[in-house]
Amino acid sequence: MNTLDTLPVTLDDVLKAQELLEGIITKTPIESSRALGAMVGGEVFFKCENLQRAGSFKVRGAYVRMARLSPEEKKRGVVAASAGNHAQGVAVAAKSLGIKARIYMPLGVALPKLAATRSHGAEVVLHGHNVDEALAEAQRYANETGAVFVHPFDNVDVVAGQGTVGLEILDQVPNVDTVLMGVGGGGLLAGVAVAIKARARELGREIRIIGVQAENAAAYPPSLAADALVPLKKVSTMADGIAVGRPGQLPFSIIRELVDDVVTVSEDSLARALIFLLERAKMVVEPAGAVGVAALMDGKIENPGTTAVILSGGNIDPMLMLKVIQRGLSAAGRYMTVRMMLDDRPGSLATIARIIAENDANVTGLDHTRVGGAISMGDVSITVNLETKGHEHSEQVLAALRAEGFHPIVVH
């Protein structure tokens, strides 16, 4: 019997989930990206789940899981834990189904995500300093009260619901060769892999499924290599939507059988991808939703052909966006901070300003310090923040400063 027929989630499960979701979710659009296609030498399409209800794909799996509860289970209510997208997905699904929802979120959760979850009618309880602590408390509450715990990814109904994204991609881009998406616990990747691989078998063709993780939160590569769940000791990434230190057992059992590869991207690559999506695609996407774009821009996918990238969510905190934009501009050579020592005499700063102006860079900030452990009498330390036009332009500005006898050190 084919592997696809023996997995815990099948194409039939995904098709039934699609029926349940009819009229509940948005069939999100597919947008082509000529700019990214030119970079990789093939057609590239964005599956815009950042435009989904509640801002991410999570409502699909949450609704399917909760719609299948018995009347008695629905009466007991549901409980979940999340730092954002799963919380909002559960809240929206609960409101649609008339189920009481209690959601644990960690202390310090982004205010926009907290406010959005509450606005959908869920009771929100702040607990713990990370999602793992919030999850433990949600599980304790479920055990104590009988409320149904809605797991973010380790459940057959959740995985089937997320797989409906794959069915839509095949309807919208029938000739797709490669599908890319971020992976944290693995619910989306597992569900999409089931749907697309099964349909590809029916069509007698191959479609590659590739997951992408942030390199500082990449539990899947070592787990796949060991053929066992390998938890990470530390997770650190701006992509909080996929900051999961241990793969889900159910998704892992599917991913190891069906997924062609899982690659990783750096934080700088993520920041560049977000800038690209803002500038060239006019898309507001959270870091976890941009990892597939980062992988393409980094050349991590060989011969991608016609590619669909799932932009899995758009729930980004404006404060994080501000930091990410600055990091992305720096990574792209469009923002630079330099420090240098000058003689503390009239005209030195004016010379610096002239060189920068002559080389068409823009000063956005300046710090001028006469005292400090490394500053000699008669010297002054200046730190200059500059807007530049890319790596070549940055090097041009630095070369011009050196030609005048200065010794700029790039600090950011």
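Predicted, not measured: the structure shown is a model, and the values here were computed from it.
Environment of NZ in Lys100: sparse, with no more than 12 heavy atoms of neighbouring residues, nucleotides or ligands closer than 6.0 Å. Heavy-atom neighbours of Arg354 CZ from other residues, nucleotides or ligands within 6.0 Å: above the threshold of 12. Shown here is Arg339, whose CZ atom has no more than 12 heavy atoms of other residues, nucleotides or ligands within 6.0 Å. For His368, the NE2 atom is densely surrounded, since the number of other residues' heavy atoms within 6.0 Å is greater than 12. Around CZ of Arg34, the count of heavy atoms belonging to other residues, nucleotides or ligands within 6.0 Å does not exceed 12. Sparse packing is recorded around CE of Met319, with 12 or fewer heavy atoms of other residues, nucleotides or ligands lying under 6.0 Å away. Annotation: Lys27, atom NZ; neighbour count of heavy atoms from other residues, nucleotides and ligands within 6.0 Å is above 12. More than 12 heavy atoms of other residues, nucleotides or ligands lie within 6.0 Å of CG in Asn175, so this atom counts as buried by the packing criterion.
The CG atom of Asp171 lies 10.5 Å from the CD1 atom of Ile169; values are rounded to the nearest 0.5 Å. Note that OH of Tyr335 and OG1 of Thr388 are 10.5 Å apart. Values are rounded to the nearest 0.5 Å. How far OG1 of Thr28 is from CG of Leu51: 7.0 Å, rounded to the nearest 0.5 Å. Here the CE atom belonging to Met238 is positioned 12.0 Å from the CE atom belonging to Met321, to the nearest 0.5 angstrom. If you take CD on Glu392 and CD on Glu395, they are separated by 9.5 Å, rounding to the nearest 0.5 Å. Taken to the nearest 0.5 Å, the CZ atom of Arg246 stands 4.5 Å off from the CG atom of Leu229.
Between the side chains of Tyr104 and Arg102, at least one donor N or O lies within less than 3.5 Å of an accepting N or O. With hydrogens and angles left out, the side-chain atoms of Asn385 and Thr364 include no donor and acceptor closer than 3.5 Å. With hydrogens and angles left out, the side-chain atoms of Thr351 and Ser348 include no donor and acceptor closer than 3.5 Å. Between Ser330 and Arg327, the side chains place no donor N or O within less than 3.5 Å of an acceptor N or O (distance only, hydrogens not considered). Judged purely by distance below 3.5 Å, without hydrogens or angles, the side chains of Thr237 and Glu267 pair a donor atom with an acceptor atom.
Contact check on Asp157 versus Lys16 returns no salt bridge, with no Lys/Arg side-chain nitrogen under 4.0 Å from an Asp/Glu carboxylate oxygen. With salt bridges taken as basic N to acidic carboxylate O contacts below 4.0 Å, one links Asp227 and Arg256. With salt bridges taken as basic N to acidic carboxylate O contacts below 4.0 Å, one links Arg205 and Asp177. Comment: Glu387 does not engage Arg334 in a salt bridge, judged by the lack of any side-chain N to carboxylate O separation of less than 4.0 angstrom.
Residues Tyr220 and Pro251 come closest through the heavy atom pair OH-CB, 3.8 Å.
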Thr307 vs Val179, side chain to side chain contact (heavy atoms under 4.5 Å, CB included): CA-CA, chis, key distance, verdict: CA-CA 6 Å; Thr307 305; Val179 181; over 6 Å; no
Side chain to side chain contact (heavy atoms under 4.5 Å, CB included) evaluation trace for Val192 with Gln162: CA-CA 7 Å; Val192 170; Gln162 319 304 30; 5.8 Å; no
Verdict with supporting geometry, Asp343 and Asp379, side chain to side chain contact (heavy atoms under 4.5 Å, CB included): CA-CA 5 Å; Asp343 294 332; Asp379 287 343; 3.9 Å; yes
Chi angles and distances behind the side chain to side chain contact (heavy atoms under 4.5 Å, CB included) call for Leu401, Ile352: CA-CA 7 Å; Leu401 289 167; Ile352 296 287; 3.9 Å; yes
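Considering only residues two or more places apart in sequence or on other chains, Asp13 meets the side chain to side chain donor-acceptor pair (under 3.5 Å) condition with Thr10.
For Gln213 (side chain) and Ala219 (main-chain N/O), a donor-acceptor pair under 3.5 Å exists by modelled atom type.
The side-chain contact (heavy atoms from CB on, under 4.5 Å) test with Met181 singles out one residue from Ile210, Val165, Ile209, and that residue is Ile209. Asn85 pairs with exactly one of Lys58, Lys113, Glu286 by the side-chain hydrogen bond (donor to acceptor under 3.5 Å, both in side chains) rule, that one being Glu286. Put simply, the residue from Ile24, Thr164, Leu20 that forms a side-chain contact (heavy atoms from CB on, under 4.5 Å) with Arg60 is Thr164.
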